[in-house]
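In what follows, a structure is listed as C-alpha cells, so that the remarks can point back to it.
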Amino acid sequence: MNITFSNIYSILARYRFSMIAKKSFFLVLIVVFTVAFDSFSQRKGDTIDSTEVMRLNALFRIQYKSQPAKSFEYANTALEISKRINFLQGEATANNNLGVYYKQKGDYDKALNYYKISFNLYDSLRNQEGIGKSLSNIGNIYSINEDFERALDYYTDAKEIFEKLKDVPRLLRILNNIGNIYLDQGQEFEAEDYYRRVLRIYEQNPSQSSLFDPYSNIGKIYFNRQAYDSALYYFNKSLKKEEAADNKFGVSAALVKIARLHNARGSHMAAKNAALDAVDIANSINAKPILLDAFSTLAEVYIHLEDLKNSYMYMNQYHIMNDSLFNEKSRRAIAELEKSIELEQKEKEIALLRKESEIKDLQYQNSQLFTYGAFGFSILLLSLAIISFQKFKQNRKAKTLLEYQNEEILKSKQAIEIQKMKLESWNQNITDSIEYAKSIQDGIMNKNSFKENIPSSFVYYKPKDIVSGDFYWYSRQNGCDILALIDCTGHGVAGAFMTVIANATMNQIVNEEHEIEPHKILAKLDIKVMDILKQKEVTRSNHSMDVALCKIDYERQLVTFSGAKRPLYVVEDNELKEFKGNNFTVGEYFNSPDKKFTFQEIEFEKNQTFYLSSDGFPDQFGIKTQKKYLRKRFKSLLESISNKSLPEQGKSLELEMKRWQGEMQQTDDMLVIGFRV
C-alpha cells in the first residue's frame, strides 16, 4: 500500500480538522522527512560542538585566576554553544563558571543568579558533583552578604555530598568556609577547630588540593590575638602558595593581610609597600572587593605616616568604589524579592528544554523506522505528527504565558530598581552626614593627648550607631591629670549632640576657669548644662548625663573621684573595690533640683588598676541567655583580666563582648577606660 500526501489529507478530512490544523500537520511532516535525512550528519556536528564546550569550560578553570577577562570569553562562548545544541551538562558548567567570574569581580547579584541556574540544570541531570558544587557556591554568596544562617544550611548540604563522593579538595573548601562563618560570628575557638581540621586533611592530601590555601585563615586567628609573628608566618605561606598557583586574586588578598599586619605592628613603610603591590595586582584583574580593602588600609597607613594628602586620596577612592557596590541592606532585599521570580522563570525554561529534547529524540527514532517498510513507517509518522502538533500547541501556550510573565517580571524589576536608587541615595546622604559627625566626635576625643600623657591605659569604645552618646574628656592642669567618662542621654545623633555640649562646657570649666577639684567641676557642669538646655523651664524628666570624674595628683600621690550615677572601680591584687558616685545625674532639674556632689580620695598603691565605665557593657543582652551581662559579671571580668597589660585588657573586653553578644543587636553605646598610675 502506497501512502501519499493526498491520502493523508483525505484521512485528516474525515476527522474534520480545520484548515490551519491540516497545514500545520503537513508542515510537521515535511520537517520530519528533512530531519530524517539530515539526522546522522547533525548528530555528528553536535558531538563536535559538545567537545568544544568541554574544552572551553576546561580552559576557564585553568585561567580564571590569572587571566579573568579571557576566561570570561571562554565561559560565555561555551554557554552560547551549549544552548544552541541543547547540551545541558555543558550549559550547567558554563553558568557555574560565569558565577565564579562575577563573584571574583564583586558583582554578587549576577553571581548568585548564574549559580542558581547552574544548580537547577545539575539537579535536572541528577549530577551529584555539580549539585554539591552549586550549593557550595550559593552558600559563598550568602556568607559574603552576612546571611550566615542560610549560608550554613547550603554548606552543610554540600558537605554531605562531598563526603559521600570522597571529594577531598571540595570538602576542604566547605570545612574552611564553615570555619569562616564561625569566625565572622565571633566564635573564634570553633573557627580555629575547623581551620586546624582543614590543615590536617590538606597536609595528608597535598596533591589533591593544590589550588587550596589553608594558611590564610589560621593567620587571621593569630592576628586577632595580636600574635603577630605567628600571623606573619602563616600569611607568608599563603602568599607563596598563591604565587605558585599564579592566582592573582589570592596574591593580592594575601598582600592586603600582610599590609594590615605591618600597620598594626607599627611598620608603616612595609605596610605601604605591601598594600601598593596589592592595588597594582587587584587593578589588573578588576577585583573590586580586594581593592576596597587595600584602599582602606592605605588610607590608615598614610595617616600614621602623616601624609594626609595621600590618606585623603585613598579614602576618597574607597568611598567611590564602595558606592559602586550594592548597599548591603538593599542588596539583600532585592535578592530576596527576585529569588522567587528567577527560580520560577528558570524552572519553566528547563521544562521547555526538556520538551524540545523529547521532540528531538522522537524525530531521531522516527528516522530509523524507514527501514521497516513504507506502510508501518507512514502510520508511525502520522502518529508522530499528531503528537508533535499537540506538543506544538502546548509549547505555544506555554510560550505565550511565559512572555506575559516576563513582561510582569520586567515591570517589577523596574519598580524595584527605581526604589533601590532612591533608597541608596537617601542612605548615602544620611550616612555621609553621620560619618562627618563621627570624624568631628573622634577629633574631640583624640585631640586631648590622653593616651600620650597616660600611656598605661586602654579605651574600649563601641558606639551603638556611627556616632555615640558616650565619650571621654581629658586635660592636664597644675601638674594633675583630669579624666572624665561621660554617658549622655540617648545614643546616635541625639547622644552625639549632648557630647558636644559636654565637651565645650568641660573645656570652659577646667581649661579656662582652671577648676580642677572633681566635685566642684561636677557642680559647675550641672549648672551650665541646665542653663544651656533651659532645664528649669521643663516640667518633666529631661536630658542629662552620667559622669565619672578623676583627678590624678602625682605630687600628693592621690586619685580624687567624684561621680554622678557612675562608679570608679579599683582592682588591687585581683580584688575589686567599688567607689560609688552620687545618686543623681548632671543637667537634670525635675527629679533632683538640689544637688551636692561629694568626693573620695584613693592613695596610690602598687598593682592598682582603675576603671571607668558607662552602663552599655553590663546592660548588653547575650545571644545564648537572652539576659543582660549585669554589673556583677562585669566586675568579675575586670578582676580576672587585671593582671594583663592594659592593651591586652582592652582586647579581652572586646573578645568577651563578641562571645556574649553574638548576633544580638547592640542595645546601647559602650565605653570602658582602664589606667594605672
Side-chain angles (χ1 to χ4, degrees), residues 445-460 471-487 502-503 505-528 545-586 595-614 635 638-639 641-647 649-650 671-677:
M445 287 192 289
N446 294 332
K447 75 174 185 177
N448 53 36
S449 303
F450 160 61
K451 293 183 180 179
E452 288 79 1
N453 289 326
I454 308 180
S456 294
S457 63
F458 74 84
V459 176
Y460 172 72
F471 83 112
Y472 63 89
W473 185 94
Y474 169 84
S475 179
R476 173 162 284 188
Q477 296 289 328
N478 300 333
C480 297
D481 288 328
I482 312 297
L483 174 62
L485 180 146
I486 302 177
D487 181 355
N503 177 73
T505 309
M506 288 293 292
N507 286 336
Q508 181 183 1
I509 295 170
V510 179
N511 296 335
E512 296 177 14
E513 299 176 7
H514 304 293
E515 179 59 69
I516 64 172
E517 295 303 326
H519 63 293
K520 295 180 180 179
I521 293 172
L522 290 183
K524 289 186 176 183
L525 180 64
D526 182 50
I527 293 170
K528 291 179 183 292
M545 55 191 72
D546 299 339
V547 185
L549 181 60
C550 290
K551 179 185 75 171
I552 306 171
D553 190 334
Y554 297 97
E555 182 178 349
R556 297 175 59 205
Q557 298 284 295
L558 287 176
V559 172
T560 305
F561 167 73
S562 289
K565 280 197 172 181
R566 297 310 311 151
L568 167 68
Y569 301 120
V570 181
V571 179
E572 183 178 344
D573 296 328
N574 296 325
E575 185 176 344
L576 182 142
K577 185 175 181 181
E578 180 178 357
F579 294 87
K580 295 184 178 180
N582 296 111
N583 195 27
F584 37 76
T585 187
V586 167
K595 307 172 190 173
K596 184 176 181 181
F597 292 97
T598 59
F599 66 91
Q600 302 174 70
E601 293 182 338
I602 303 100
E603 294 182 355
F604 290 0
E605 299 289 347
K606 290 183 179 180
N607 301 321
Q608 274 182 331
T609 308
F610 297 82
Y611 300 96
L612 305 176
S613 171
S614 68
K635 290 191 285 186
L638 295 181
E639 287 180 337
I641 66 174
S642 61
N643 286 332
K644 297 181 180 180
S645 67
L646 272 301
Q649 291 188 39
L671 178 58
V672 182
I673 301 173
F675 64 91
R676 292 174 181 153
V677 296

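If you're wondering where the values come from, they're calculated on a predicted model, not measured in any experiment.
- Scanning for side chain to side chain donor-acceptor pair (under 3.5 Å) contacts around Glu605 gives an empty result, with sequence neighbours left out.
- The CZ atom of Phe584 lies 9.0 Å from the CG atom of Leu522; values are rounded to the nearest 0.5 Å.
- Counting heavy atoms from C-beta on, the side chains of Leu612 and Tyr472 never come closer than 4.5 Å.
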Test side-chain contact (heavy atoms from CB on, under 4.5 Å) on Ile521 and Phe597 and set out the steps.
CA-CA 9 Å; Ile521 293 172; Phe597 292 97; over 6 Å; no
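- Remark: Asp481 engages Tyr474, Arg476, Tyr554 in a side chain to side chain donor-acceptor pair (under 3.5 Å) (not counting sequence neighbours).
- Every pair tested for salt bridge (charged side-chain N to carboxylate O under 4.0 Å, His left out) that includes a residue from residues 563-576 fails, sequence neighbours excluded, so the list is empty.
- Ion pairing between a basic and an acidic side chain is recognised when a charged N comes within 4.0 Å of a carboxylate O; Glu513 and Lys528 show such pairing.
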Apply side-chain hydrogen bond (donor to acceptor under 3.5 Å, both in side chains) to the pair Asn511 and Gln477, showing each step before the final yes or no.
CA-CA 8 Å; Asn511 296 335; Gln477 296 289 328; 3.1 Å; yes
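- Taken to the nearest 0.5 Å, the CG atom of Asn607 stands 7.5 Å off from the CG atom of Asn643.
- For the pair Ser614/Asp546, no side-chain contact is recorded, criterion being any heavy-atom separation below 4.5 Å from C-beta on.
- Crowding of Lys520 atom NZ: a count of heavy atoms from other residues, nucleotides or ligands under 6.0 Å not exceeding 12.
- Across all their heavy atoms, Tyr460 and Gly650 have their closest contact at CD1-O, 4.2 Å.
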